[in-house]
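Structure first, then comments.
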Amino acid sequence: MSAQETSVLTGKDNEELAASLKGRDFLALADYTPQELRYLIDLAIELKQRQKSGEAYQPLKGKTLGMIFEKSSTRTRVSFEVGMYQLGGHALFLSGNELQIGRGEPILDTAQVLSRYLDGIMIRTFAHRTVIDLARGATIPVINGLTDSEHPCQVMADYQTALEHKGRLEGLKVAYIGDGNNMAHSLLMGAAKLGMHMSVATPEGYEPDADIVSQTKAVASGTGSNIHVCRDPREAIEGADIVYTDVWASMGQEAEQQQRIKAFAAYQVNEELVRHAKADYLFMHCLPAHRGEEVSEGVIDGKHSIVFDEAENRLHAQKAIMAALM
């Protein structure tokens with residue numbers, strides 16, 4: 001079918017959803033309804049199809065996105081910058097060390113100043129409070145490119161990729177093995193919102209935040225999802241459609257590297273562990289990956305791995321978010 005025949009940009013329900021998204025911030029998946037998240041995923045798939053068919057779609061022509069990086073990244077910078085270009089706009093790289101916030105300017109002042117120049121802000125930083133304060137002071141959309149607590153753009157790309165490969169999201173089981181970090185938090189909330197089941201296995205002391213798990217379970221009770229947190233990787237991965245892991249020591253945790261390697265030794269996703277998943281399971285990782293630590297080479301480079309489809313979809317998922325908000 002052509003993009004016009006399958007477009008999520010038309011139709012009364014979609015137009016109402018599109019109108020509800022304009023001018024909003026994208027800080028955490030908890031802020032969005034299941035219908036809004038699914039609209040954004042479907043829009044990402046449509047924009048991907050348009051791009052690959054050579055069809056120009058530039059709703060952000062003449063608009064500018066400021067990209068604040070207090071944490072560096074390959075995928076985040078390139079995907080947002082290329083995405084803005086493809087949407088007809090322009091992206092500015094703003095290093096946290098070069099901005100006045102690096103010299104003590106209040107985040108609320110920075111937010112108000114940037115709102116006079118830009119049409120949107122993407123920020124990749126440490127404390128989630130920084131993103132909340134930036135959004136509170138800004139009069140333009142603020143997009144969370146990553147915090148220590150949440151990674152919502154990555155999860156939108158993840159579940160877009162799962163939908164493309166599996167043809168559905170509702171009822172799929174996700175098994176997350178490893179650190180209960182920002183990826184675990186956003187994957188949990190996304191799964192609950194989209195009607196997916198999810199099991200998380202972590203060693204003691206590395207569980208996902210209890211408040212986030214509680215919020216996720218409350219959402220899941222209304223969508224039919226099943227959310228489970230446990231210690232045993234085999235228990236979590238049993239019958240999984242999607243197997244997911246992340247690095248054991250994230251950016252800013254380098255000093256804990258050796259301690260974490262010891263704590264997570266039994267949590268490597270390898271050929272023995274994935275035998276407990278479904279025969280047609282998909283392996284996912286947000287990258288960068290440390291082969292031989294959280295995942296074996298045979299799994300991440302094997303036939304079930306879709307990590308590079310997932311990485312590509314950062315571009316398309318973020319284009320959908322920017323187009324809808326800005």
Side-chain angles (χ1 to χ4, degrees), residues 73-75 146 148 150-159 161-162 165-166 172-191 196-209 212-213 216 227-254 256-257 259-278 280-311 313-314:
S73 169
T74 301
R75 278 154 291 278
L146 174 140
D148 288 344
E150 303 275 354
H151 201 352
C153 290
Q154 175 69 55
V155 170
M156 293 299 285
D158 294 339
Y159 289 148
T161 311
H165 281 266
K166 291 293 188 181
L172 293 179
K173 178 182 176 181
V174 181
Y176 178 90
I177 313 297
D179 189 19
N181 58 14
N182 51 5
M183 278 308 314
H185 295 160
S186 291
L187 283 165
L188 279 165
M189 184 56 72
M196 305 168 76
H197 310 305
M198 185 165 173
S199 292
V200 176
T202 68
E204 185 174 1
Y206 296 93
E207 303 89 347
D209 181 86
I212 291 177
V213 172
T216 299
I227 301 299
H228 179 58
V229 178
C230 64
R231 293 269 176 266
D232 186 354
R234 289 189 179 183
E235 178 185 342
I237 205 171
E238 190 68 40
D241 298 284
I242 297 166
V243 178
Y244 204 115
T245 192
D246 191 10
V247 293
W248 292 339
S250 298
M251 192 177 295
Q253 298 173 331
E254 289 81 3
E256 304 173 29
Q257 179 77 20
Q259 172 190 333
R260 284 173 170 267
I261 286 175
K262 180 183 285 189
F264 287 96
Y267 289 80
Q268 184 186 81
V269 176
N270 53 36
E271 290 86 341
E272 192 281 326
L273 183 61
V274 297
R275 289 195 188 103
H276 299 274
K278 285 186 179 175
D280 62 347
Y281 82 93
L282 301 174
F283 174 74
M284 304 182 81
H285 192 305
C286 57
L287 302 180
H290 295 162
R291 289 167 172 80
E293 289 186 14
E294 75 272 8
V295 61
S296 67
E297 287 188 14
V299 171
I300 192 170
D301 297 323
K303 66 180 182 179
H304 295 274
S305 178
I306 55 170
V307 297
F308 296 112
D309 292 347
E310 189 184 352
N313 280 342
R314 284 289 301 278

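Numbers here are sequence positions counted from 1.
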May I ask you to decide if Ala236's main-chain N or O and Lys173's side chain share a donor-acceptor pair within less than 3.5 Å? yes
Can you confirm whether His285 sits close enough to Val269 that some side-chain heavy atom of one is under 4.5 Å from a side-chain heavy atom of the other? no
Spacing of Asp280 atom CG and His304 atom NE2 [to the nearest 0.5 Å]: 8.0 Å
Within-4.5 Å side-chain heavy-atom neighbours: Tyr267 and Asp179: no
Going through the checks in order, is the side chain to side chain contact (heavy atoms under 4.5 Å, CB included) test met by Met198 and Thr216? CA-CA 10 Å; Met198 185 165 173; Thr216 299; over 6 Å; no
CD of Glu150 to CE of Met183, rounded to nearest 0.5 Å, is 10.5 Å
What one should report as the nearest heavy-atom pair of Ile242 and Met196 is CD1-CE, 4.3 Å
Looking at His185 and Gly180, what are the two nearest heavy atoms and their distance? NE2-O, 3.6 Å
Using 0.5 Å steps for rounding, measure from the CG atom of Leu172 to the OH atom of Tyr159. 9.5 Å
Give me each pair satisfying side chain to side chain donor-acceptor pair (under 3.5 Å) with a member in residues 240-249, each pair once, sequence neighbours excluded. Asp158-Tyr244, Asn181-Asp246, Asp241-Lys278, Tyr244-Glu310
Main-chain N/O of His290 paired with Glu294 side-chain donor or acceptor, under 3.5 Å: yes
What distance separates Tyr281 OH from Arg275 CZ, expressed to the nearest 0.5 Å? 10.5 Å
Look up atom CG in Leu273 and atom CZ in Arg234, then write down how far apart they are to the nearest 0.5 Å. 7.5 Å
To check you understand the geometry: which heavy-atom pair defines the closest contact between Gly178 and Pro203, and what is its length? O-CD, 4.2 Å
What are the two closest heavy atoms between Ala277 and Val243, and how far apart are they? CB-CG2, 3.9 Å
Walk me through whether Glu293 and Ile261 qualify under side chain to side chain contact (heavy atoms under 4.5 Å, CB included). CA-CA 8 Å; Glu293 289 186 14; Ile261 286 175; 4.1 Å; yes
Shortest non-hydrogen pair, Val299 vs Asn270, comes out as CG2-C, 3.6 Å
Within a 6.0 Å radius of atom CD on Gln257, are there more than 12 heavy atoms belonging to other residues, nucleotides or ligands? yes
Show your reasoning for whether side chain to side chain contact (heavy atoms under 4.5 Å, CB included) applies to Gln154 and Leu146. CA-CA 8 Å; Gln154 175 69 55; Leu146 174 140; over 6 Å; no
Closest approach of Ala157 to Thr161 (non-hydrogen atoms, all atoms of both residues): O-OG1, 2.6 Å
Are there more than 12 heavy atoms of other residues, nucleotides or ligands under 6.0 Å from atom CD of Glu272? yes
Any chance you could measure Ile227, atom CD1, to Met189, atom CE, to the nearest 0.5 Å? 9.0 Å
Does some side-chain heavy atom of Met156 sit less than 4.5 Å from a side-chain heavy atom of Ser186? no
Among side-chain atoms of Glu271 and Ser296, is any donor-acceptor pair under 3.5 angstrom? yes
Would you say the side chains of Thr202 and Glu207 form a donor-acceptor pair under 3.5 Å? no
Go through the steps for Ile306 and Met284 under the test side chain to side chain contact (heavy atoms under 4.5 Å, CB included), then give the verdict. CA-CA 6 Å; Ile306 55 170; Met284 304 182 81; 3.9 Å; yes
